[in-house]
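Below is one structure, written out as structure tokens; the observations come after it.
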Amino acid sequence: MKIILGPASTNLGKQIAQTIKAETVPVAFKTFPDGENYLRLEGQMQNEDVAIVQTTSPPQDTRLIQLALMADSAKRNGAKEITAVVPYLAYARQDKIFLQGEPISAETIARMLKAAGVDQLITVNVHQDKVFSQFSFPARSVSAVPLLAEYFVKKGYTKAFALSPDKGAVHIAEDARKVLGGECGYLEKNRDRYTGQVGMESKTLDVKGKTVIIFDDIISSGGTIVAAVKIVKEMNPQQICIACVHPLLIGEAERVILQTGVKEIVGTDSVPSSVSKVSLAPILSRELAG
Ligand code: R5P
């Protein structure tokens, strides 16, 4: 297998290649003056299986087009099976029609990738696994939550309380608890479909004097985490840390979260950022090596 180093995930791609001892295919890329993307695969892949490592965090449209162009180019250059390794899968949250007149964006993206030549897709902590039922090719999501929890175990936070800010994501807190060895729980979140405003119901949890780690799949604006921290602080924990798989951290999100007094924000390199302290290379290498 050869690893194509997508422009959005060059470092991660190199780490994966090193781990599974695969040859890499560098990618030359540029943007034309009118904004269109150009790229060229700089390696041979005739009759080889290839994995294209390319996250699709912002600017997601550019990165999705680059991914499609790389798949097309790999196919034209004789690649056998093309696996798209997409740590953060853009548009996955729009996996159904919430309001009349909307598209199912996740399905549109899947069709585009398939048409470009992608044979299978591996991602990390996709918002809902059921999104793949709309894909016409094999796709799966692996969880980085154990890796995030291990990071905190190494820091000595064994038995910390793992909290999900949303009942729908309680499985994330449960996965973290299995590694941390303490308790877990969830808050109840609601979001206004028109304004995007986050509301959170107050709740009593047994966190007094404990370290609480709030686990979420994505931090985008930071609104969810800020609302969760506000509620948890009222319950007098010893300290609060934040863990997320995909630290999109749009705009002032990081600053606004740190201003609440949390001890630390930890994310993965699915979205390279100042909080990306946990690498996905081990789990993605394992998935590719089969
Ligand atoms: C939503 O259901 C996700 O799990 C995240 O909680 C959400 O995407 C975070 O977004 P934000 O940081 O803008 O509140």
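Given the structure is predicted, the values throughout are model-derived calculations rather than measurements.
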Exercise. What residue among D175, I242, V170, L180 forms side chain to side chain contact (heavy atoms under 4.5 Å, CB included) with F215?
Worked result: L180
For this session: Please confirm whether the backbone N or O of G168 pairs with a side-chain atom of K189, one donor and one acceptor, at under 3.5 Å?
Result: no
Exercise. From E42 CD over to S73 OG, what is the distance, rounded to the nearest 0.5 angstrom?
Worked result: 10.5 Å
Problem set entry | S276 versus S273, side-chain donor and acceptor atoms under 3.5 Å | yes
Exercise. Considering all heavy atoms of both residues, which atom of E174 and which atom of C184 are nearest to each other, and what is their separation?
Worked result: CG-SG, 3.8 Å
Problem set entry | Flag, side chain of S133 to backbone of K130, donor-acceptor distance under 3.5 Å | yes
For this session: Find out whether I265 and P247 are in side-chain contact, i.e. whether some heavy atom of one side chain is under 4.5 Å from a heavy atom of the other.
Result: no
Exercise. Should the pair F32 and Y38 be assigned to parallel (<30°), tilted (30 to 60°) or perpendicular (>60°) ring geometry?
Worked result: perpendicular
Seminar exercise, completed: Nearest heavy-atom contact between P87 and L280 is CB-CD1, 3.8 Å
Problem set entry | side-chain contact (heavy atoms from CB on, under 4.5 Å) evaluation trace for Q18 with T24 | CA-CA 9 Å; Q18 212 173 3; T24 57; over 6 Å; no
Problem set entry | Minimum side-chain heavy-atom gap I4-M45 below 4.5 Å | yes
Exercise. Is it true that the side chains of E264 and Y151 contain a donor and an acceptor less than 3.5 Å apart?
Worked result: yes
For this session: May I ask you to say whether R111 pairs ionically with E107, meaning some side-chain N is under 4.0 Å from a carboxylate O?
Result: yes
Problem set entry | From E234 atom CD to T204 atom OG1, the distance as rounded to the nearest 0.5 Å | 10.0 Å
For this session: Would you indicate whether the side-chain heavy atoms of V124 and S270 approach each other to under 4.5 Å?
Result: no
For this session: Indicate yes or no for a side-chain donor-acceptor contact from D49 to the backbone of K80 under 3.5 Å, with no hydrogens or angles considered.
Result: no
Problem set entry | Pairwise distance OH(Y88) to OG1(T123) - rounded to 0.5 angstrom | 9.5 Å
Exercise. Are the side chains of I3 and L288 in touch, meaning some heavy atoms are under 4.5 Å apart?
Worked result: yes
Exercise. Would you say L284 and L148 are hydrophobically clustered, going by side-chain heavy atoms of ILVMFWY under 4.5 Å?
Worked result: yes
Seminar exercise, completed: CD (Q120) and CZ (F135) are apart, to the nearest 0.5 Å, by 13.0 Å
Exercise. Just wondering, do V266 and C241 contact through their side chains at under 4.5 Å, heavy atoms?
Worked result: no
Problem set entry | Residue pair T224, D166: steps toward the side-chain contact (heavy atoms from CB on, under 4.5 Å) verdict | CA-CA 9 Å; T224 300; D166 191 356; 5.9 Å; no
For this session: Flag yes if more than 12 heavy atoms outside E36 fall under 6.0 Å of its CD atom; otherwise flag no.
Result: no
Exercise. Is it true that atom CD of E23 has more than 12 heavy atoms of other residues, nucleotides or ligands lying nearer than 6.0 Å?
Worked result: no
For this session: Please report the shortest heavy-atom distance between A74 and V50, naming the atom on each side.
Result: CB-CG2, 4.3 Å
For this session: Please step through side-chain contact (heavy atoms from CB on, under 4.5 Å) for the pair F29 and N37, ending with a clear verdict.
Result: CA-CA 7 Å; F29 65 99; N37 286 281; over 6 Å; no
Problem set entry | Heavy-atom donor-acceptor pair, S9 side chain to L5 backbone, under 3.5 Å | no
Exercise. Which atom pair, heavy atoms only, marks the closest approach of S221 to A253?
Worked result: O-CB, 3.3 Å
Exercise. Of all heavy-atom pairs between A51 and M1, which one has the smallest distance, and what is that distance?
Worked result: CB-SD, 4.0 Å
Problem set entry | Any donor-acceptor pair under 3.5 Å from S141 side chain to V126 backbone | yes
Problem set entry | Side-chain donor-acceptor pair present, T55, R63, cut-off under 3.5 Å | no
Problem set entry | V275 with V245, same ILVMFWY side-chain cluster at under 4.5 Å | no
Exercise. Is any NZ, NE, NH1 or NH2 atom of the basic residue among K75 and D72 found under 4.0 Å from an Asp or Glu carboxylate oxygen of the other?
Worked result: no
For this session: Following the transitive rule for hydrophobic clusters with a side-chain heavy-atom cut-off under 4.5 Å over Ile, Leu, Val, Met, Phe, Trp and Tyr, establish whether V86 and Y91 coincide in one cluster.
Result: yes
Exercise. If you count the non-hydrogen atoms of other residues, nucleotides and ligands that lie under 6.0 Å from CD in E81, is the total more than 12?
Worked result: yes
For this session: Run the numbers on T260 and I240 for side-chain contact (heavy atoms from CB on, under 4.5 Å), then give the verdict.
Result: CA-CA 10 Å; T260 64; I240 304 172; over 6 Å; no
For this session: Using the rule that two of Ile, Leu, Val, Met, Phe, Trp, Tyr join whenever any of their side-chain heavy atoms come within less than 4.5 Å, decide whether L163 and V226 are in one cluster.
Result: yes
Exercise. If only atom types and distance count, is the side chain of Q94 paired as donor or acceptor with the main-chain N or O of P103 below 3.5 Å?
Worked result: yes
Seminar exercise, completed: So CZ of R177 and OG of S164: to nearest 0.5 Å the spacing works out to 13.5 Å
For this session: Kindly compute the distance separating OG1 (T268) from NE2 (H246), expressed to the nearest 0.5 Å.
Result: 6.5 Å
Exercise. Linking I/L/V/M/F/W/Y whenever their side-chain heavy atoms sit closer than 4.5 Å, directly or via other members, would I213 and M235 fall into one cluster?
Worked result: no
For this session: Kindly give the heavy-atom pair with the smallest separation between S274 and E254, and that separation in Å.
Result: OG-OE1, 2.8 Å
For this session: Using distance alone, with no hydrogens and no angle criterion, decide if H127 and D217 have a side-chain donor and acceptor under 3.5 Å apart.
Result: yes
Problem set entry | K263 side chain reached by T211 side chain, heavy atoms, under 4.5 Å | no
Exercise. Under 4.5 Å between any side-chain heavy atoms of D269 and Q15, yes or no?
Worked result: yes
Exercise. Does the side chain of V179 reach to within under 4.5 Å of the side chain of V153, using non-hydrogen atoms?
Worked result: yes
